[in-house]
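Working notes, structure below.
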2 protein chains.
Amino acid sequence: MTASAARADTRPSPRKRAGNGAARWNDADEIGLDALVGHAGYAVRRFQIWIFQDFIKTLGDVDIRPTQYSVLTVIGANPGLSQMAVAKRLGIERARLVHLIDSLEQRKLVKRIKSKQDRRSHALHLTGPGETALAKFKRLAIEHERHVEEKIGKANRERLLQILAGFT
Amino acid sequence: MTASAARADTRPSPRKRAGNGAARWNDADEIGLDALVGHAGYAVRRFQIWIFQDFIKTLGDVDIRPTQYSVLTVIGANPGLSQMAVAKRLGIERARLVHLIDSLEQRKLVKRIKSKQDRRSHALHLTGPGETALAKFKRLAIEHERHVEEKIGKANRERLLQILAGFT
DNA sequence: GGACAATTGTTGTCGTCAACAACAATCTTC
DNA sequence: GAAGATTGTTGTTGACGACAACAATTGTCC
């Protein structure tokens, strides 16, 4: 009859309210998720939101967001990369990367150097201040990673990284 | 060699390029991520993008996105909920939920019923077609979940759900 | 050597999504 | 009954992914 019966999924009927229009149980905790538990995507989405919010908060004083951090670390580890190469490596659209680099360049953390080999492309480098700033960002990022450990446990975090290693 | 190794920050110098402007190694695979591996947030973000894209593709014929699916399942399992309750349960802003319900209501999958108890709120219910449609969506969602299994392995998926159970 | 295709950076648009702020209608509380 | 909180709604902002188009440049093919 109900949709839940169709799939024979979770639990014995969603305990219908007597009056049909009634919405008396506003206790947000007792609301069943039905088929939603057991969906990896839902859990991953919620976790990703939590982890990004913690990252943004932990790096709030230096005003660096996760995507900016990823761009800086890649450039820091591989100086001279083109925008195209960075975009491909991080799975970012090159159109989007333009604005990201613009922002980081305005903050004097990154500089574009016109390549001699290929005059279409720009070689990306950290500035002097950019390198010292990145070092600080990394310390804060490690602090953030400790928060993750506290949230899901050290062993679980290790296992998680292992499971998802193929996506990096 | 584990992620903990990332703790030893910037240090061993990122093998600087000789010519400064040079961007010769456009081979996107050989670009190191440095501190990025070992960051749970990065792996989770990439995985979440992959999993959502597969969900959207798998449920492409019925034109249902992950957020819509989550709203439908919660309403289906808990008929009569208010928008506020659904928003709280799913971690969606109530402002955003308005448009989601608008869309689902236009598609005749959900209906708002003015509550007698609290005339501010609307009790949310699936329509008849909505229930049969949701049953189909769930079958497709299970197919999507099989794709996840094929991607990371059955055991890993189970472990993942277990690790992130606290976020549902 | 020259026409044609591909690549790089850039600009622009569109749609999704989270985060706020403000508002009218309605409930709750004192 | 007045003051404050809650619910649904509208609107704005900004980050983000997906596309499309374009100029400049490079690569390819005949």
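Every chain is numbered from 1, with letters handed out A, B, ... down the list of sequences.
- A:L104 has its CG atom 12 Å from the P atom of D:dA15, to the nearest Å.
- The shortest distance between the side-chain N/O atoms of A:R120 and the OP1/OP2 oxygens of C:dT7 is not below 4.0 Å.
- At D:dG27, none of the side-chain N or O atoms of A:R119 fall inside 4.0 Å of OP1 or OP2 (strictly under the cut-off).
- Put simply, A:R46 has no side-chain N or O that comes within less than 4.0 Å of OP1 or OP2 on C:dA18.
- The closest donor-acceptor contact from the side chain of A:E158 to the backbone of A:A155 lies at 3.5 Å or more, if one exists at all.
- Using a distance-only test at 3.5 Å, with no hydrogens or angles considered, a donor-acceptor pair links the side chain of A:E145 to the main chain of B:A40.
- Connectivity analysis of hydrophobic side chains (ILVMFWY, heavy atoms under 4.5 Å, direct or indirect) links B:L160 to A:V44, A:F47, A:W50, A:I51, A:F52, A:V148, A:I152, A:L160, A:I163, A:L164, A:F167, B:V44, B:F47, B:W50, B:I51, B:F52, B:V148, B:I152, B:I163, B:L164, B:F167.
- Of the possible polar contacts, one joining the A:S121 side chain to the A:D118 backbone as a donor-acceptor pair under 3.5 Å is found.
- The phosphate of C:dG15 has neither OP1 nor OP2 within less than 4.0 Å of any side-chain N or O from B:R96.
- Residues B:K111 and B:E105 are not paired through a salt bridge, judged by the lack of any N-O separation under 4.0 Å between the basic side chain and the carboxylate.
- For A:H147 and A:F55, the gap between ring centers reaches or exceeds 6.0 Å.
- For the pair A:D102 and B:R94, nearest-nucleotide mapping onto DNA chain C gives the more 5' position to A:D102.
- When each of B:I92 and A:M84 is assigned the nucleotide of DNA chain C with its nearest heavy atom, A:M84 is the one assigned upstream, toward the 5' end.
- A residue-by-residue look at B:R112 and B:R45 shows that B:R112 has its nearest nucleotide of DNA chain D further toward the 5' end.
- Taking atom CD on B:E93 and atom P on D:dT9, their separation rounds to 15 Å, with Å as the unit.
- Taking atom CD of residue A:Q48 and atom P of nucleotide D:dA15, one finds them 16 Å apart after rounding to whole Å.
- In this structure, B:K114 atom NZ and D:dG8 atom C1' are separated by 12 Å, rounded to whole Å.
- Nearest nucleotide to the side chain of A:S121, out of C:dG9, D:dT25, D:dG8: C:dG9.
- Between the side chain of B:T127 and the main chain of B:K108, a donor-acceptor pair closer than 3.5 Å is present.
- Under 4.0 angstrom from either OP1 or OP2 of D:dT9 there lies at least one side-chain N or O belonging to B:Q83.
- B:H122 has its NE2 atom 12 Å from the P atom of C:dC27, to the nearest Å.
- Under a hydrophobic-cluster definition in which Ile, Leu, Val, Met, Phe, Trp and Tyr are linked whenever side-chain heavy atoms come within less than 4.5 Å, directly or via other members, A:I49 and B:Y69 are assigned to different clusters.
- Residue B:V98 places its side chain closer to D:dT10 than to any other of D:dC19, D:dT10, C:dT8.
- Regarding A:L100, its CG atom lies at a distance of 9 Å from the P atom of D:dA15, rounded to whole Å.
- Within residues 49-68 of chain A, the residues that have a heavy atom under 4.0 Å from DNA chain D are, in order of number, A:R65, A:T67.
- Protein atom NE2 of A:H99 is 14 Å distant from nucleotide atom P of D:dG14, rounded to whole Å.
- For the pair B:D118 CG and C:dT28 C1', the computed distance is 10 Å after rounding to whole Å.
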